[in-house]
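The structure appears below as structure tokens.
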Amino acid sequence: MSSEPGGADADDATDTAVDTPAAAAEGARDAAEHPLVVEGLHKTFGGITAVDGASFSVAEGSLTGLIGPNGAGKSTTFNCITGVHTPTSGRIRFRGDDITGMAPHAIAQRGLVRTFQIARELPEMTVLENMMLAPKGQAGERLSYAVVPGLRDRVVEQEEELLERAWQQLEFFEIDHLAEEYAGTLSGGQRKLLEMARALMTDPEVVLLDEPLAGVNPTLEEKLLDRIHELREMGNTFLFVEHDMDVIMNNCEHVIVMHQGSVLAEGTPEQVTSDERVVEAYLGGDV
Ligand code: ADP
Ligand code: MG
């Protein structure tokens, strides 16, 4: 991944961007049913166009699949949505607010997080330490608690809450027995579980999963999918990149197909898999 100006280091300048009243009204209507709306997203890297006008929205409480041949722009779209990359143009709206170009931690605080295609644990730290690193912008990091009365207590309280939440997540994903192990010693599948557990530390509403099942054995895959459905029943919304069409067919009610940086088709799994353009894109692509 490239580190570029803007992206992760950008301040929240666009947070206060003023839209036209009509656009704002439309955004508010859509936001009630679609917490995440992507409008005309473009992202170029030098001469390469990774995302080329992608527009779609993700329905509240859904498990929406995002599929497409390798290089279609799925991961870059995730990067743009979650502030890892600054879009070249286009808009990202979350719950009606324009979050385009905001920093990843600011977006996460609003309740929108992602996992990465390649799990990003810190191998030299324990599983529990990795979990504790996940949430950003806590009182102790923002302010010098030595000079603010009562703040030290709040920081300690917050640390305790975080620790409790970390254990809850580790138990939920059944990796609590690995808490004191160095993350570098985990299997590929266990890393994916840790990656998801970490993403959930900030108690997000919408979670973007980039190939969460890649390299995961069938038993663990079943467990992960069960957890996703369980979380969904508790109110989470998921956008889910996955190669395995059987997994998409069996788990997603809505599927968005990307091809060459834009949305080629969307609909139910049955609709998109019987769409000739989709079949052609996959046959022509490197899948
Ligand atoms: P997908 O996740 O659908 O496989 P990606 O979003 O990873 O696709 O990639 C889309 C295109 O953008 C590819 O051609 C890829 O090589 C290119 N790309 C992605 N990230 C970068 C980057 N940081 N720098 C340059 N090109 C990139
Ligand atoms: Mg990808």
Side-chain angles (χ1 to χ4, degrees), residues 1-10 36 38-58 63-92 100-101 103-104 107 112-121 188-189 191-192 195-196 198-199 206-216 221 224 228 238-248 251-252 254-266 269 272-273 275 277-287:
M1 192 194 67
S2 73
S3 67
E4 54 183 78
D9 302 324
L36 176 62
V38 174
E39 298 169 356
L41 182 67
H42 283 84
K43 179 64 186 176
T44 57
F45 298 101
I48 299 166
T49 299
V51 183
D52 195 9
S55 296
F56 59 86
S57 52
V58 177
L63 174 42
T64 299
L66 179 61
I67 66 169
N70 277 333
K74 305 179 297 292
S75 293
T76 306
T77 298
F78 273 18
N79 282 333
C80 290
I81 292 172
T82 52
V84 177
H85 290 325
T86 304
T88 308
S89 65
R91 291 261 159 245
I92 315 291
T100 319
I107 295 173
L112 173 61
V113 299
R114 66 167 296 177
T115 65
F116 287 86
Q117 189 167 349
I118 314 237
R120 290 194 151 191
E121 79 289 340
R191 268 177 218 175
K192 289 292 206 184
E195 173 84 8
M196 260 198 79
R198 275 180 68 170
V206 176
V207 186
L208 312 188
L209 302 171
D210 198 352
E211 302 195 25
L213 305 178
V216 175
E221 177 174 311
L224 244 167
I228 291 170
F238 289 94
L239 180 64
F240 178 38
V241 174
E242 175 51 42
H243 278 304
D244 187 333
M245 280 310 288
D246 287 340
V247 171
I248 294 285
N251 293 280
C252 300
H254 189 77
V255 184
I256 297 161
V257 187
M258 279 188 77
H259 180 50
Q260 295 176 350
S262 63
V263 175
L264 178 68
E266 59 177 304
V272 299
T273 47
D275 188 320
R277 294 166 305 165
V278 174
V279 175
E280 216 165 279
Y282 268 92
L283 289 176
D286 163 30
V287 201

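Throughout, numbering of the chain's residues begins at 1 and tracks the sequence. Counting starts at 1 for both ligands and their atoms, in listed order.
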(request) Return yes or no for this condition: an N or O of Lys74 is under 3.5 Å from an N or O of ligand 1. (result) yes

(request) Check whether any N or O atom of Gly71, backbone or side chain, sits under 3.5 Å from an N or O atom of ligand 1, and answer yes or no. (result) yes

(message) Do Leu213 and Phe240 have side chains that approach each other closer than 4.5 Å (heavy atoms only, starting at C-beta)?
(response) yes

(message) For a 4.5 angstrom cut-off between non-hydrogen side-chain atoms, does Leu63 reach Cys252?
(response) yes

(request) Flag Gln117 as yes if one of its N/O/S atoms falls below 2.8 Å of the Mg ion (ligand 2), otherwise no. (result) yes

(request) Measure from the Mg ion (ligand 2) to each N, O or S atom of Asn70 and report whether any distance is below 2.8 Å. (result) no

(message) Ring of Phe45, cation from Lys43 - is the NZ or CZ under 6.0 Å from the centre and inside 45° of the axis?
(response) yes

(message) Heavy atom to atom 2 (O) of ligand 1, shortest distance: which of Gly46, Gly68, Ser75 holds it?
(response) Ser75

(message) For atom 5 (P) of ligand 1, tell me which residue out of Ile67, Thr76, Ile48 has the closest non-hydrogen atom.
(response) Thr76

(message) Below 4.0 Å from ligand 1: does a non-hydrogen atom of Gly73 turn up there or not?
(response) yes

(request) Starting from the C-alpha separation in whole Å, work towards a yes-or-no answer on side chain to side chain contact (heavy atoms under 4.5 Å, CB included) for Ile92 and Leu41. (result) CA-CA 8 Å; Ile92 315 291; Leu41 182 67; 3.9 Å; yes

(message) Could you measure the distance from the CD atom of Glu266 to the CD1 atom of Ile256? Nearest 0.5 Å is fine.
(response) 5.0 Å

(message) Applying side chain to side chain contact (heavy atoms under 4.5 Å, CB included) to Lys74 and Asp210, what does each step give before you reach the verdict?
(response) CA-CA 8 Å; Lys74 305 179 297 292; Asp210 198 352; 5.6 Å; no

(request) Could you tell me which atoms of ligand 1, counted from 1 in the order shown, lie closer than 4.0 angstrom to a heavy atom of Asn70? (result) 4 (O)

